[in-house]
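First the proteins, then the strands, lettered A, B, ... as listed; each starts at 1.
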2 protein chains.
Amino acid sequence: MADVAAKAGVSRALVSIVFRNQPGASEETRQRVLRVADEIGYRPDSAARLLARGRSRTIGVMFTVHQTFHTDLIEGIYPEAERLGYDVLLSAAAQGRSEEKAVEALLGHRCEALILLGPDAEPGYLDELGKRAVTVSVSRRVPGARVDFVHSAEGKGVRQAMDHLVELGHRRIVHVDGGRGPGSAERRRSYRASMRRHGLEAEARVIPGAHTEESGIETGRLLLAERDRGQSLPTAVLAGNDRCAMGLLMALTRSGVEVPRDLSVVGYDDSHLSHLMPIGLTTVRQDAGLMAEHAVRFAVERLRDPESEPREAVLDPKLVVRGSSGPAPETSA
Amino acid sequence: MADVAAKAGVSRALVSIVFRNQPGASEETRQRVLRVADEIGYRPDSAARLLARGRSRTIGVMFTVHQTFHTDLIEGIYPEAERLGYDVLLSAAAQGRSEEKAVEALLGHRCEALILLGPDAEPGYLDELGKRAVTVSVSRRVPGARVDFVHSAEGKGVRQAMDHLVELGHRRIVHVDGGRGPGSAERRRSYRASMRRHGLEAEARVIPGAHTEESGIETGRLLLAERDRGQSLPTAVLAGNDRCAMGLLMALTRSGVEVPRDLSVVGYDDSHLSHLMPIGLTTVRQDAGLMAEHAVRFAVERLRDPESEPREAVLDPKLVVRGSSGPAPETSA
DNA sequence: GCGCGCTACTAGCGCGCTCTAGTGCGAGTA
DNA sequence: TACTCGCACTAGAGCGCGCTAGTAGCGCGC
């Protein structure tokens, strides 16, 4: 920076003004400074800038590698953050890299706010986090914790999916849940409520699962094993999310079960995957772009007024009907 | 930090020593400092640390959102970087966020080294980058540029896939290429060479494409349209990567073409997607973990000796046969 | 001629840390 | 006693910026 100032024949302060796009420099000088900086290859050091300014204007985003829905969200976070004048730092949780570790990294970089995509951590930990930094949880409700919350109305989404299946004549509808995964509890609850509402209480069955393909594959094996022992297959499965649905589809189709002729499958998320299946996956769409926008806005607004109470945004999901759901097979009638 | 020092009754310098895990503090003091720090909730500010130290010990990783193979790589980068004592900063390119922008962000954070996953930028830009910072390009060769390079032996991978198809009796094998995508040029070249080697020069056909599902879908439409005009379908397609293969599978299956009975499809990457298809995708596996390790190691080693020449790691890919490839249909005989 | 306000610019402190060059002290050695 | 050595610890400069307070110069009104 000193080099730029010297070469442009101005003070360092002026260079600073130019790079911050602040008033106080003539247009002519401005251009000269920028030209010189470009020649030297100068670029403001964000560490020093951050240190001097005391504020980082940086939002840290924790996501889980392989969660395709998260990448959809990230894509939406960038532009909104930029619009509001914030930098974005990504930190991934992965096999061998815990969420805590990912979050610590963000905190160490002095992120002012954290956006956690589908965090899987203890509520206690999240509450503590919320007290230390502005925190937004996406997809996972943390009751009582000091964190903002963005999610889609899981209940509504599940209800739409269930109504769709019931309308198609399904009665034996099972739900593979997402274990402790974000949104799972509500989806499970709503599944049960829907079964009750349709008078199918006796048929309700929740199979413990997770938001992974593996979980879907396992469930497929379980159902097939049951069939081989003489039980009949359910006619429809509501999976915990798209990945689980995909795994299930794979396992079933491989064993000769035809979807949707023999069995219907519905996912959740409308992630990239959903249009990929040859038959297309019927699923519940969460608007990733809108959710990302809300998350960033919550973070920024609470940064402005730290005393304000945590807020909650509930976005309406929408059922997207594709090829994996169809009329219930007659055998079930 | 000053607070911690005061409360523990030592100087700031000592606190610094403790937090850097350096010799020069008695065990007793060490414990006391750590305890006090924990009480206050102190955590070293990485910006200030970075600024003071002059080195960031940070590796910046540029990736493309939605490229599933990239997330596989990221998963491998973290542990290796940690092992070597480096921090990792992620920056994503996405719709509306160019690679340049993503890289600028990393540079602004004073990353010492850049790992670019399948960069799509101009060779000139990359060369410039390579002169300014230690740069490793994964999957994309940049001839003449001052960047390290990690990739798998595209030629070998394609050859294995082609041999596999020819053995199954296929002759009309077309290739959907990946346009300017990383590795595409070599895959294309190797496809042509393989056709020649098997005496199928006359049948060789390259359809321009990209490394996306959309490209696969389009190709599917194209082939179907040709069939409807009376041309016969090829018996096998070698796609540019898994995503393209998936799109193609979807388009074909939806239109009643049965894979692999009517047509075989082979992908490239063995990304997460590949096991997902109900029938399983025959594909060429690139070992993401190993590639990630090499990339990090290249970066760190060249950081130690900046004068050393750029290096190249070529890893052997491996054909993984799954359900999407089968014997050529008899109609083609 | 003087004060006033305005624009264009500068001096220099301080952000929170690291690191070099020390100081003080007790034990070991001649 | 006088010295050296090693250990535990400290003083203080400096990393590259942002920012506050200030200055110089200039036109303007009375």
Query - Aromatic plane relationship, A:Phe19 with A:Tyr42 - under 30° parallel, 30 to 60° tilted, over 60° perpendicular - result: perpendicular
Report summary line: From CZ of B:Arg32 across to C1' of D:dA8 the rounded distance in Å is 12 Å
Requested in this report: Identify all stems in which DNA chain D takes part, counting only runs of at least 3 consecutive pairs (Watson-Crick or G-U wobble, each distance under 3.5 Å), and give each as one range with another, ordered by first number.
Outcome: C:1-30 with D:1-30
Query raised in the report: Do B:Glu28 and B:Arg32 sit within salt-bridge range, that is, some charged N less than 4.0 Å from a carboxylate O?
Result: no
Query - Euclidean distance, atom CG of residue B:Asn21 to atom P of C:dC19 [Å, nearest integer] - result: 13 Å
Query raised in the report: Is A:Glu128 salt-bridged to A:Lys131, cutoff N-O under 4.0 Å?
Result: no
Requested in this report: May I have the distance from A:Leu14 (atom CG) to C:dT10 (atom C1'), rounded to whole angstrom?
Outcome: 8 Å
Query raised in the report: Can you tell me if B:His109 and A:Asp45 form a side-chain donor-acceptor pair at under 3.5 Å?
Result: no
Report task. Taking only the side-chain nitrogens and oxygens of A:Ser11, find out if one of them lies under 4.0 Å from OP1 or OP2 of C:dA11. Result -> no
Query raised in the report: Quick one: B:Gln31 CD to D:dA8 C1', roughly how many Å, whole number?
Result: 16 Å
Query raised in the report: Is the ring centre of B:Phe298 less than 6.0 Å from the ring centre of B:Phe149?
Result: no
Query raised in the report: Have A:His151 and A:Ser139 got a donor and an acceptor in their side chains that come within less than 3.5 Å?
Result: no
Query raised in the report: Contact class for A:Ser46 (heavy atom, under 4.0 Å): base, sugar-phosphate, or nothing?
Result: nothing
Report task. Give the intermediate values and the outcome of side-chain hydrogen bond (donor to acceptor under 3.5 Å, both in side chains) for residues A:Thr68 and A:Thr71. Result -> CA-CA 5 Å; A:Thr68 49; A:Thr71 52; 5.7 Å; no
Query - N-O pairing of A:Glu82 and B:Arg97 below 4.0 Å - result: no
Query raised in the report: Tell me, for nucleotides 15-20 of chain D in 5' to 3' order, what letter each nucleotide earns: B for a base near a protein heavy atom under 4.0 Å, S for only sugar-phosphate near one, - for neither?
Result: BBBBB-
Requested in this report: Indicate whether OP1 or OP2 belonging to C:dT7 is found under 4.0 Å from a side-chain N or O atom of A:Ser26.
Outcome: no
